[in-house]
Amino acid sequence: MNKIVKNFLINALKVGSIALVAEIILFYVTDTLFNGAVADWFTDHFIYQEVDLQTAVVTGNVNWYGLKMFLIAAAILLTLAIVFAICFVSLFLSRKKTQECIKELTSRITHYMSSGANDLSDFAGDFASVGVLLGQLRTQALTREKQLEQETARKNDLITYLAHDLKTPLASVIGYLCLLDENPNLPATLREQYTGITLDKAYRLEQLINEFFEITRYNLHDIVINPGKIHLRPMLMQIADEFYPILAPEGKSIVLDIPQDIDLIGDADKLARVFNNLLKNAAAYSDPDSRIHLSAHIVGSYVTVIVTNTGTPIPPHQLDTIFEKFYRLDSSRSSKTGGSGLGLAIAKEIVTAHRGTIQVQSTVENTAFTVMLPLRPDDKALSV
């Protein structure tokens, strides 16, 4: 602030001095050009003469009142002129200074961005705050770039993995179909066996193709929440029933513990996908002849849904990454049960869009996924 006041006073003094000198020069130049017209005008307006009738002496006096009013008016006009001139000059100098600062800052930013090193020495002094901000932006950009590279690499690896996986079931389908085609007189039991194997491999092909579609259309920013009233028990019962054909061959089943009166506001289709993904995960990695427990209860203003299964526990170091995209690459899952690794990542994003949370706990006894959702979120909560 002191620097600004000092610059203002210096500029005012310069302008005032220039104005005073200009007025003096203008006065003499004007008076000379008009042959003393200015002096005559001054004499006519501010000097008057008095004649002493007794002595016939003529004396001159000054009209001090008129001169005072003239000087006051002149001072006001001069002050206004000086103020206007100061403002104009200050504006001009400020713009010039701003342009110089922008040019200098642009040059420093260009040099900083073109250099590979994170050297902020160019932003010392007045540009220190800009240097701190640029450093933060650069760090964030590098972090995001690294995350994007890792995600792209993992996605490409997964596509390569799935493409390789397609060959095995496809070769089996072709092989068994050729056997059936070349041997029309095969025994019924053998034909039934080959047909069953071919059907299983065809289902596996369908699963892998669906995973390809899942990967190509995967974009979390496309998630749009359409809220509505949800009766939780009927929805979870319907989802559980759909898993019977998958669970029955291995003697698995789903046990429900869901009260009748749980209603919440949310996107039914999106939340159904969440619970479907959790049950699919539990079905894939639970022990044969085991039970998957699906329970729900209200805690305050939230509803908690828990999916629990028994099976091989998730290693502790993978609990923090299990909800990452393409997590499957970080685990040694078989081609029979492995998915695209997007199910849990999508589930987390949908739950987060509902302003809820999803967590996992895994021990040698069981693995439990816990979803907490607000019963009555506001409108702003259901936006992505």
Side-chain angles (χ1 to χ4, degrees), residues 200 203-204 206-207 210-211 214 230-262 264 266 268-299 302-316 318-324 327-328 330-351 354 356-373:
D200 289 339
Y203 284 147
R204 178 56 184 162
E206 181 185 26
Q207 180 185 354
N210 289 336
E211 289 173 10
E214 191 79 6
I230 301 174
H231 301 290
L232 188 61
R233 180 180 171 85
M235 182 178 74
L236 293 180
M237 289 181 64
Q238 180 180 352
I239 295 173
D241 290 340
E242 294 173 356
F243 278 85
Y244 176 78
I246 301 174
L247 299 175
E250 296 185 0
K252 302 177 184 179
S253 62
I254 298 177
V255 178
L256 299 177
D257 180 15
I258 306 168
Q260 291 279 0
D261 56 348
I262 298 181
L264 69 152
D269 292 335
K270 300 297 189 304
L271 291 178
R273 186 175 185 183
V274 171
F275 301 129
N276 184 279
N277 287 343
L278 294 180
L279 286 175
K280 184 186 297 184
N281 186 78
Y285 302 108
S286 58
D287 293 331
D289 301 318
S290 64
R291 293 183 175 183
I292 299 171
H293 292 268
L294 176 59
S295 62
H297 56 277
I298 296 177
V299 179
Y302 285 79
V303 58
T304 301
V305 180
I306 304 175
V307 179
T308 308
N309 70 277
T310 57
T312 304
I314 301 172
Q318 293 183 348
L319 291 176
D320 295 333
T321 58
I322 194 171
F323 294 105
E324 291 183 0
Y327 162 78
R328 180 177 185 263
D330 295 329
S331 61
S332 56
R333 302 185 179 185
S334 67
S335 61
K336 179 180 178 181
T337 58
S340 62
L342 291 175
L344 294 179
I346 294 175
K348 180 180 180 181
E349 293 300 327
I350 293 175
V351 172
H354 283 80
T357 60
I358 182 171
Q359 298 176 340
V360 59
Q361 293 180 338
S362 186
T363 64
V364 292
E365 289 82 14
N366 56 57
T367 297
F369 285 86
T370 302
V371 177
M372 291 190 66
L373 297 167

Asker: When you compare the side chain of Leu264 with that of Leu232, does any pair of heavy atoms fall below 4.5 Å?
Answerer: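 A side-chain contact exists here, since the closest heavy-atom pair is under 4.5 Å.
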
Asker: Distance check, rounded to the nearest 0.5 Å: Asp257 atom CG versus Thr308 atom OG1?
Answerer: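 Going from CG on Asp257 over to OG1 on Thr308, the span is 10.5 Å.
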
Asker: Applying side-chain contact (heavy atoms from CB on, under 4.5 Å), can you list everything that pairs with Lys348, at least two apart in sequence or on another chain?
Answerer: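 So Lys348 forms a side-chain contact (heavy atoms from CB on, under 4.5 Å) with Phe323, Thr352, Ile358.
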
Asker: Can you name the closest pair of heavy atoms from Ser362 and Leu319 and give their distance?
Answerer: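 Taking every non-hydrogen atom into account, CB-CD2, 4.2 Å.
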
Asker: Which residues satisfy the side-chain contact (heavy atoms from CB on, under 4.5 Å) test with Ile298, sequence neighbours excluded?
Answerer: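 side-chain contact (heavy atoms from CB on, under 4.5 Å) list for Ile298, sorted by chain: Ile262, Leu375.
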
Asker: Using atom types as modelled and distance alone, determine if a side-chain donor or acceptor of Lys252 lies under 3.5 Å from a backbone N or O of Ile292.
Answerer: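 The answer is no, because no donor-acceptor pair under 3.5 Å joins these two groups.
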
Asker: So which heavy atom on Met372 is nearest to which on Val351, and how close?
Answerer: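 Result for this residue pair: O-CG1, 4.3 Å.
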
Asker: With sequence neighbours left out, write down each residue that passes salt bridge (charged side-chain N to carboxylate O under 4.0 Å, His left out) with Lys280, or none if nothing qualifies.
Answerer: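 If we apply the salt bridge (charged side-chain N to carboxylate O under 4.0 Å, His left out) test to Lys280, skipping adjacent residues, there are no hits.
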
Asker: Who are the side-chain contact (heavy atoms from CB on, under 4.5 Å) partners of Glu365, not counting sequence neighbours?
Answerer: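 By the side-chain contact (heavy atoms from CB on, under 4.5 Å) rule, Glu365 matches Thr363.
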
Asker: To the closest 0.5 Å, what do you measure between CG (Leu279) and CG (Leu236)?
Answerer: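 Rounded to the nearest 0.5 Å, the CG-CG separation comes out at 8.0 Å.
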
Asker: Return the minimal non-hydrogen interatomic distance between Ala368 and Ile306, and the atom names on each side.
Answerer: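 Nearest heavy atoms, Ala368 then Ile306: CB-CG2, 4.2 Å.
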
Asker: Taking side-chain contact (heavy atoms from CB on, under 4.5 Å) as the definition, give me every residue that meets it alongside Thr310, ordered by chain and number, with sequence neighbours left out.
Answerer: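 Scan of Thr310 (side-chain contact (heavy atoms from CB on, under 4.5 Å), adjacent residues dropped) gives Asp287, Ser290, Asn366.
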
Asker: Is there side-chain contact between Phe243 and Asn276, with at least one heavy-atom pair below 4.5 Å?
Answerer: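 In contact.
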
Asker: What is the minimum heavy-atom distance between Ala283 and Ser286, and which atoms define it?
Answerer: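 Where Ala283 meets Ser286 most closely, the heavy atoms are O-OG, 3.6 Å.
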
Asker: side-chain hydrogen bond (donor to acceptor under 3.5 Å, both in side chains): which pairs involve residues 231-244, sequence neighbours left out?
Answerer: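 Every pair satisfying side-chain hydrogen bond (donor to acceptor under 3.5 Å, both in side chains) with a residue in residues 231-244: His231-Asp263.
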
Asker: What distance separates Leu271 CG from Ile230 CD1, expressed to the nearest 0.5 Å?
Answerer: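 Separation between the atoms: 4.5 Å.
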
Asker: Rounded at 0.5 Å granularity, tell me how far CG in Leu373 sits from OG1 in Thr357.
Answerer: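 Between atom CG of Leu373 and atom OG1 of Thr357 there are 8.0 Å.
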
Asker: Check Val307 against Ala282 and note the closest heavy-atom contact, atom names and distance.
Answerer: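 Closest heavy-atom pair between Val307 and Ala282: CG1-CB, 4.0 Å.
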
Asker: Given Leu344 and Leu278, is the side chain to side chain contact (heavy atoms under 4.5 Å, CB included) satisfied, shown in steps?
Answerer: CA-CA 7 Å; Leu344 294 179; Leu278 294 180; 3.8 Å; yes

Asker: Working to the nearest 0.5 angstrom, can you tell me the gap between His293 NE2 and Ile254 CD1?
Answerer: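 If I round to the nearest 0.5 Å, the distance is 11.0 Å.
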
Asker: Is the shortest side-chain heavy-atom distance between Asn281 and Phe369 below 4.5 Å?
Answerer: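 Heavy-atom side-chain distance check passes, below 4.5 Å.
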
Asker: Hey, could you give me the CD1/CD1 distance between Ile314 and Ile322, rounded to the nearest 0.5 Å?
Answerer: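 Separation between the atoms: 3.0 Å.
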
Asker: Shortest non-hydrogen contact from Pro259 to Ala296?
Answerer: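 Between these two residues, the closest heavy atoms are CD-O, 3.1 Å.
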
